[in-house]
Chemist: 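Right, I'll just put the structure down here and ask away after.
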Amino acid sequence: MPELPEVETTRRGIAPYLEKATILDAEIRQFSLRWPIEQNLANILKNQTVSTVQRRAKYLLINCDTGILIIHLGMSGSLRIVDAALAPPPEKHDHVDIILNNGFMLRYTDPRRFGAILWTEQTIEDHKLFSHLGPEPLTQQFDANYLLTQAKSRKCSIKTLIMNGQIVVGVGNIYASESLFLAKVHPKTSANKLNKQQANQLVEAIKVILDKAILAGGTSLKDFTKSDGKPGYFSQELNVYGRKGETCFHCGNTIEHYKETQRATYYCPVCQQI
DNA sequence: CTGTTCTCCTGTGGGC
DNA sequence: TGCCCACAGGAGAACA
């Protein structure tokens, strides 16, 4: 389940192979992802040279001559670089290969097909998937004042708020629970009841957790072409997520669990008071 | 606008 | 032991 750090790690892993390379061809074996892949995509991509690989929220943006290839990994997607001469035959869920002129190919794999591969000739700011997105969590724009301002007029819980991409992007279900634990904020706290200190702690916690995960991802980068495309940092220790009934590392009490908007939420009822 | 529910999909794991 | 089915989840779409 790629969260923002995994997407960023993927970006850093694939960028050196893609930037300045020219796309020779694309082999699309499965068009049915979250949205159908454009039928003509292989033709569009042919002879395009990649300038840069960027990330916005959890989307990867592969900038080409005449447009942008947008890739989202969804729940189970991954990208890896494969030496074209040694490429193993595609397996069941290897849906797309993008073949480069430098001897490598970019292979997209996604068992659950929640991901997306889109082509746009719009600028990202104008694209409807991006035009309403909030700031990146690791920028200065995302600070306690900003969060407080946004929270003030909202009746939803603070957990729902930080997972709302219009408020801030890139905080998925796992890191939402983890950052609320670190900030000692109860996930059910009404957004409009958040105080200054809590906002400070929460913003800090989100940044620390994402930073740490990206850093951990970097250590597995050297194996990027050999791995299955899943950087191994995800094993980083989780304090509450998935630990229902287990002991809080901080206070020793029992981690609790409930569902909100169909999503599992984990917290320590002692460390995180409303 | 806001908030909530639905939806896509398949590998995993809990329960019997 | 083996089978079956509920569950998990990112995030846009649809709906209230």
Side-chain angles (χ1 to χ4, degrees), chain A residues 1-11 29-38 55-61 70-79 90-96 108-118 120 122 124 126-137 147 149-180 187-194 206 209-210 213 228-230 234-235 238 240-246 255 257-266:
Chain A
M1 50 204 80
E3 293 241 13
L4 184 144
E6 193 165 355
V7 179
E8 177 60 22
T9 298
T10 297
R11 186 192 71 76
R29 291 173 287 269
Q30 169 64 271
F31 285 82
S32 168
L33 301 183
R34 173 165 195 187
W35 298 289
I37 296 180
E38 181 162 337
R55 178 188 58 74
R56 176 74 173 106
K58 292 178 187 169
Y59 291 92
L60 289 164
L61 309 172
I70 301 168
I71 300 181
H72 196 291
L73 300 176
M75 266 289 298
S76 57
S78 62
L79 287 166
E91 293 184 33
K92 189 176 170 190
H93 301 299
D94 295 340
H95 304 314
V96 176
Y108 174 85
T109 305
D110 188 358
R112 295 187 195 175
R113 290 193 272 133
F114 272 26
I117 300 183
L118 302 169
T120 184
Q122 289 181 284
I124 284 305
D126 292 336
H127 194 284
K128 71 168 186 176
L129 286 178
F130 299 88
S131 56
H132 296 113
L133 291 181
E136 289 286 327
L147 185 63
T149 306
Q150 296 295 320
K152 197 156 39 169
S153 58
R154 300 296 188 124
K155 288 185 176 145
C156 63
S157 72
I158 188 61
K159 193 218 180 197
T160 299
L161 189 85
I162 61 175
M163 289 182 67
N164 181 345
Q166 295 187 31
I167 306 295
V168 59
V169 302
V171 181
N173 196 46
I174 295 174
Y175 290 151
S177 282
E178 291 297 314
S179 48
L180 286 162
K188 283 183 178 168
T189 305
S190 288
N192 58 19
K193 299 255 172 65
L194 196 73
I206 289 170
I209 282 177
L210 294 178
D228 56 4
K230 292 177 188 165
F234 201 66
S235 56
L238 299 176
V240 285
Y241 187 84
R243 300 193 62 239
K244 176 192 177 187
E246 294 177 39
I255 302 298
H257 158 270
Y258 68 96
K259 275 201 178 185
E260 179 176 2
T261 61
Q262 316 281 69
R263 294 289 175 266
T265 306
Y266 298 85

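Each chain gets a letter, A, B and so on, in the order its sequence line appears, and its residues count up from 1. Just so it is clear, the values below take in all heavy atoms, side chains as well, and ignore hydrogens, waters and symmetry mates.
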Chemist: Can you measure A/Lys259 atom NZ to B/dT5 atom P for me and round it to whole angstrom units?
Modeler: 13 Å

Chemist: Quick one: A/Met75 CE to B/dC8 C1', roughly how many Å, whole number?
Modeler: 12 Å

Chemist: Regarding C/dA8, can its base be found pairing with the side chain of A/Arg112 as donor and acceptor, where the two atoms are less than 3.5 Å apart?
Modeler: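 Answer is yes: a donor-acceptor pair is held.
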
Chemist: Let me see the working for A/His95 and A/Ile117 under side-chain contact (heavy atoms from CB on, under 4.5 Å), right down to the final yes or no.
Modeler: CA-CA 11 Å; A/His95 304 314; A/Ile117 300 183; over 6 Å; no

Chemist: Look at the rings of A/Tyr59 and A/His72 and say which category their plane angle falls in: under 30° parallel, 30 to 60° tilted, over 60° perpendicular.
Modeler: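 Taking A/His72 first and then A/Tyr59, their aromatic rings stand perpendicular (interplane angle over 60°).
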
Chemist: In whole Å, what is the span from the CD atom of A/Glu260 to the C1' atom of B/dT4?
Modeler: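 The answer, rounded to whole Å, is 11 Å.
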
Chemist: Take atom CD of A/Gln150 and atom C1' of B/dC1, then tell me their distance rounded to the nearest Å.
Modeler: 13 Å

Chemist: Could you state the atom-to-atom distance from NE2 of A/His72 to P of C/dA13 in whole Å?
Modeler: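 About 13 Å, once rounded to whole Å.
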
Chemist: Looking across every strand, which nucleic acid part, if any, lies under 4.0 Å from A/Arg113 by heavy atom: base, sugar-phosphate, or nothing?
Modeler: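 Answer is sugar-phosphate: A/Arg113 comes under 4.0 Å of backbone atoms only.
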
Chemist: Tell me the interatomic distance from A/Tyr108, atom OH, to B/dC9, atom P, rounded to whole angstroms.
Modeler: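 Between P of B/dC9 and OH of A/Tyr108: 13 Å.
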
Chemist: Can you tell me how far C1' of C/dA11 sits from CD1 of A/Ile162, to the nearest Å?
Modeler: 16 Å

Chemist: Kindly say if A/Lys155 contacts the phosphate of B/dT2, meaning a side-chain N or O under 4.0 Å from OP1 or OP2.
Modeler: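 For A/Lys155, the contact criterion (side-chain N or O under 4.0 Å from OP1 or OP2 of B/dT2) is not met.
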
Chemist: Let me spell it out: for each of A/Arg263 and A/Ser157, pick the nucleotide of DNA chain B with the closest heavy atom. Which residue's pick is nearer the 5' end?
Modeler: A/Ser157

Chemist: Hey, are the side chains of A/Lys58 and A/Val169 touching, using non-hydrogen atoms and a 4.5 Å cut-off?
Modeler: no

Chemist: Is A/Arg263 salt-bridged to A/Glu260, cutoff N-O under 4.0 Å?
Modeler: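 A/Glu260 and A/Arg263: not salt-bridged.
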
Chemist: Checking contacts here: which listed nucleotide (B/dG11, B/dC6, C/dG12) is nearest the side-chain heavy atoms of A/Trp35?
Modeler: C/dG12

Chemist: Can you tell which of C/dG12, B/dT2, B/dC9 lies closest to the side chain of A/Arg154?
Modeler: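 Minimum distance to the A/Arg154 side chain belongs to B/dT2.
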
Chemist: By nearest nucleotide on DNA chain C, pick out whichever of A/Gln262 and A/Arg34 is the more 5' one.
Modeler: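 Its nucleotide being nearer the 5' end, the pick is A/Gln262.
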
Chemist: Please tell me if the side chains of A/Glu6 and A/Glu3 come closer than 4.5 Å, counting only heavy atoms from C-beta onward.
Modeler: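 No - every pair of side-chain heavy atoms lies 4.5 Å or more apart.
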
Chemist: Could you state the atom-to-atom distance from CZ of A/Phe114 to P of B/dC6 in whole Å?
Modeler: 15 Å

Chemist: Between A/Arg55 and A/Glu136, does any NZ, NE, NH1 or NH2 come within less than 4.0 Å of an OD or OE carboxylate oxygen?
Modeler: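 A salt bridge is present here (some side-chain N lies under 4.0 Å from a carboxylate O).
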
Chemist: Please pick, from C/dG10, C/dA13, B/dG11, the nucleotide with the shortest atom-to-atom distance to any side-chain atom of A/Lys128.
Modeler: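 Nearest nucleotide to the side chain: C/dA13.
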
Chemist: Does any nucleotide pair with B/dC6 by Watson-Crick or G-U wobble geometry, both distances under 3.5 Å, and what is it?
Modeler: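 Per the H-bond distance test, C/dG12.
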
Chemist: So, does A/Lys92 get its side chain near the phosphate of B/dG11, meaning an N or O under 4.0 Å from OP1 or OP2?
Modeler: yes

Chemist: Could you check whether A/Leu73 gets within reach of a base, just the sugar-phosphate, or nothing at all, counting any heavy atom under 4.0 Å?
Modeler: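 Here A/Leu73 touches no strand at all.
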
Chemist: Closest to the A/Tyr59 side chain: B/dG11, B/dG3, C/dG12?
Modeler: C/dG12

Chemist: Heavy atoms from C-beta onward define the side chain here; which of C/dG12, B/dG11, C/dA11 lies closest to that of A/Leu129?
Modeler: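 Looking only at side-chain atoms, A/Leu129 lies closest to C/dG12.
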
Chemist: Using the side-chain heavy atoms of A/His93, tell me which of these nucleotides is nearest: B/dG11, C/dG10, B/dC6.
Modeler: B/dG11

